[in-house]
Amino acid sequence: MKDKERKHTTGRVVCNSQNKTLSVLVERKVKHPVIGKYMVKSKKYQVHNESGSYNVGDVVKIKECRPLSKRKSWTVVT
């Protein structure tokens, strides 16, 4: 995959206790098809972090990469 084809998103760090891994919560607003209300949907990603310099609550930009483990296929950009 070329870099242009890889997905990018922004999320908030919710856990940094693992070695070289962050848990990042990505929230997005989706309009309900019937009610018309905007709802918040969220998903957690396991993200590779080589430097280990991020703390809980930091906002980070992540991008898709090759699978590094069973659940980890994203890496930190910023």
Before giving the answer on side-chain contact (heavy atoms from CB on, under 4.5 Å), spell out for R12 and E27 the whole-Å C-alpha distance, their side-chain angles and the decisive distance to 0.1 Å. CA-CA 9 Å; R12 185 172 37 94; E27 294 180 338; 4.0 Å; yes

Which residue in the set V26, V60, V24 passes side chain to side chain contact (heavy atoms under 4.5 Å, CB included) when paired with T9? V26

Does the side chain of K7 come within less than 4.5 Å of W74's, by heavy atoms? yes

Ignoring hydrogens and geometry, is there a side-chain-to-backbone donor-acceptor pair from H8 to R6 under 3.5 Å? yes

Residue pairs, two or more places apart or on separate chains, that pass salt bridge (charged side-chain N to carboxylate O under 4.0 Å, His left out) and touch residues 46-62: K20-E50

Can you find a side-chain donor-acceptor pair between T75 and K63 that sits under 3.5 Å? no

Side-chain heavy-atom pair R28, V40 within 4.5 angstrom cut-off: no

Min side-chain heavy-atom separation Q18-Q46 under 4.5 Å: yes

Is there a side-chain contact (heavy atoms from CB on, under 4.5 Å) between V56 and V14 once you walk through the steps? CA-CA 5 Å; V56 175; V14 291; 5.6 Å; no

S23 versus K44, closest heavy-atom pair with distance: CB-CD, 4.4 Å

Report the C-alpha distance between V77 and I62 in whole Å, list the side-chain angles of each, state the deciding distance to 0.1 Å, and finish with yes or no for side-chain contact (heavy atoms from CB on, under 4.5 Å). CA-CA 5 Å; V77 174; I62 60 175; 5.7 Å; no

Side-chain heavy atoms of N55 within contact of N16, under 4.5 Å: yes

Within the 3.5 Å criterion, strictly below it, is a donor on S73 or E64 matched to an acceptor on the partner's side chain? no

My understanding is that only residues two or more places apart in sequence, or in another chain, count here; which of them pass side chain to side chain donor-acceptor pair (under 3.5 Å) with S17? none

